[in-house]
Amino acid sequence: MKQSIVHIAIVVRDYDEAIDFYVRKLGFTLLEDTYQEEQDKRWVLVAPPNSNGTALLLAKASKPQQEPFIGNQAGGRVFLFLSTDDFWRDYQSMVAKGIVFVRVPKQAEYGIVAVFQDLYGNLWDLVQFSSPS
């Protein structure tokens with residue numbers, strides 16, 4: 001059996017502001033933005049450049065009970081992990097674009113890591129894993 005997680009939904013306040021953040025500030029690629037008339041919503045997928053893994057589905061809160069989860073998808077824990085092949089390149093670029101880091105870079109046994117917030121406050125790790133020895 002072969003299975004994989006292809007999309008992770010992240011609840012957003014507004015499609016366009018979320019696309020702007022993920023594409024302009026994080027440098028992600030907009031994979032799809034399709035209006036679904038029957039549900040009156042958009043199917044918006046973004047992913048890191050040159051990625052062939054999981055994509056984020058930007059899902060606009062459509063019910064009042066979903067709104068409190070915008071920016072708090074994981075109860076204040078790190079929610080997503082962005083792996084990079086050059087930590088300092090991406091860290092410096094993100095800082096220059098106004099990305100807020102809530103934990104400074106540190107060397108860990110598995111690599112170098114820092115924690116940043118997305119536009120709504122969800123926490124992410126930016127991580128460059130150490131090469132296996």
Side-chain angles (χ1 to χ4, degrees):
M1 177 189 309
K2 180 179 179 183
Q3 298 178 333
S4 62
I5 296 173
V6 293
H7 308 311
I8 294 176
I10 184 165
V11 182
V12 302
R13 181 178 33 246
D14 178 82
Y15 291 116
D16 294 321
E17 74 180 2
I19 291 169
D20 183 63
F21 176 84
Y22 285 101
V23 172
R24 191 175 56 83
K25 287 200 171 187
L26 286 187
F28 282 22
T29 301
L30 178 61
L31 302 174
E32 185 174 353
D33 184 356
T34 304
Y35 178 67
Q36 297 180 328
E37 184 176 351
E38 65 281 356
Q39 296 179 20
D40 190 31
K41 66 180 182 180
R42 289 160 62 182
W43 181 260
V44 180
L45 292 173
V46 296
N50 303 311
S51 173
N52 60 359
T54 306
L56 289 180
L57 172 65
L58 304 180
K60 183 177 175 182
S62 60
K63 299 176 183 175
Q65 62 263 38
Q66 295 171 354
E67 292 176 8
F69 296 96
I70 298 169
N72 192 26
Q73 299 236 163
R77 293 188 59 111
V78 169
F79 174 52
L80 296 165
F81 301 80
L82 181 60
S83 176
T84 177
D85 63 348
D86 187 332
F87 178 89
W88 291 109
R89 174 200 65 211
D90 292 343
Y91 175 79
Q92 291 167 351
S93 173
M94 292 165 75
V95 167
K97 292 177 181 176
I99 302 294
V100 175
F101 279 83
V102 298
R103 286 189 219 137
V104 297
K106 73 172 191 171
Q107 186 69 46
E109 63 185 54
Y110 55 85
I112 188 163
V113 63
V115 178
F116 69 94
Q117 294 178 325
D118 69 13
L119 75 162
Y120 300 116
N122 290 304
L123 298 179
W124 290 63
D125 270 0
L126 174 65
V127 60
Q128 181 177 359
F129 292 105
S130 302
S131 301
S133 18

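Predicted model only: the values in this text are computed from it and were never measured.
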NE2 (His7) and OG1 (Thr54) are apart, to the nearest 0.5 Å, by 9.0 Å

Closest approach of Ala61 to Glu67 (non-hydrogen atoms, all atoms of both residues):
CB-CG, 4.0 Å

So, does Gln73 use its side chain to make a donor-acceptor pair with the main chain of Val11 at under 3.5 Å?
yes

Do Tyr22 and Leu30 have side chains that get closer than 4.5 Å, going by heavy atoms?
no

Determine, using the 4.5 Å side-chain heavy-atom cutoff (strictly less than), whether Val46 and Ile70 are members of one ILVMFWY cluster.
yes

Whether Tyr91 and Phe87 hold their rings parallel, tilted or perpendicular, with breakpoints at 30° and 60°:
parallel

So which atom in Leu31 and which in Ala47 form the shortest heavy-atom distance, rounded to 0.1 Å?
CD1-CB, 3.7 Å

If I compare all heavy atoms of Gln107 with all of Ser130, which pair ends up nearest, and what's the gap?
NE2-OG, 4.4 Å

For the CD atom on Glu38, are there more than 12 heavy atoms of other groups (residues, nucleotides or ligands in this structure) within a distance under 6.0 Å?
yes

How long is the gap from CD on Gln36 to CZ on Arg42, to the nearest 0.5 Å?
11.0 Å

Phe116 reachable from Ile8 in the ILVMFWY side-chain graph, under 4.5 Å edges:
yes

Any donor-acceptor N/O pair, Thr84 side chain to Asp86 backbone, under 3.5 Å
yes

So for atom CZ, which belongs to Phe79, do other residues, nucleotides or ligands contribute more than 12 heavy atoms lying within a distance under 6.0 Å?
yes

Between atom CD1 of Ile10 and atom CG of Leu57, what is the distance when rounded to the nearest 0.5 Å?
10.0 Å

Are there more than 12 heavy atoms of other residues, nucleotides or ligands under 6.0 Å from atom NZ of Lys41?
no

Looking at Glu32 and Val44, would you say the former's side chain and the latter's main chain have a donor-acceptor pair under 3.5 Å?
no

If you apply the rule side chain to side chain contact (heavy atoms under 4.5 Å, CB included), what do you find for Val113 with Lys106, and how did you get there?
CA-CA 6 Å; Val113 63; Lys106 73 172 191 171; 4.0 Å; yes

Tell me whether the rings of Trp124 and Phe28 are parallel (<30°), tilted (30 to 60°) or perpendicular (>60°).
perpendicular

Ring centre gap for Phe21 and Tyr120 strictly below 6.0 Å
no

Examine distances only and state if a side-chain atom of Asp14 and a backbone atom of Ala18 form a donor-acceptor pair shorter than 3.5 Å.
no

Would a hydrophobic clustering, with Ile, Leu, Val, Met, Phe, Trp and Tyr connected at side-chain separations under 4.5 Å, put Phe81 with Leu58?
no

Linking I/L/V/M/F/W/Y whenever any side-chain heavy atoms sit under 4.5 Å apart, do Val95 and Ile112 land together?
yes

Looking only at non-hydrogen atoms, find the nearest pair between Lys97 and Arg24 and report the distance.
NZ-O, 3.6 Å

For Arg89, does the CZ atom have more than 12 heavy-atom neighbours from other residues, nucleotides or ligands under 6.0 Å away?
yes

Inspect the surroundings of CG in Asn52 and state if more than 12 heavy atoms from other residues, nucleotides or ligands are less than 6.0 Å away.
no

Looking only at heavy atoms, what is the nearest atom pair of Leu126 and Met94, with distance?
CD2-SD, 3.8 Å

Please answer: with hydrophobic residues joined when any side-chain heavy atoms are less than 4.5 Å apart, are Ile99 and Leu56 in the same cluster?
yes

For Leu45 against Ala55, the heavy-atom pair lying closest together
CD2-CB, 4.4 Å

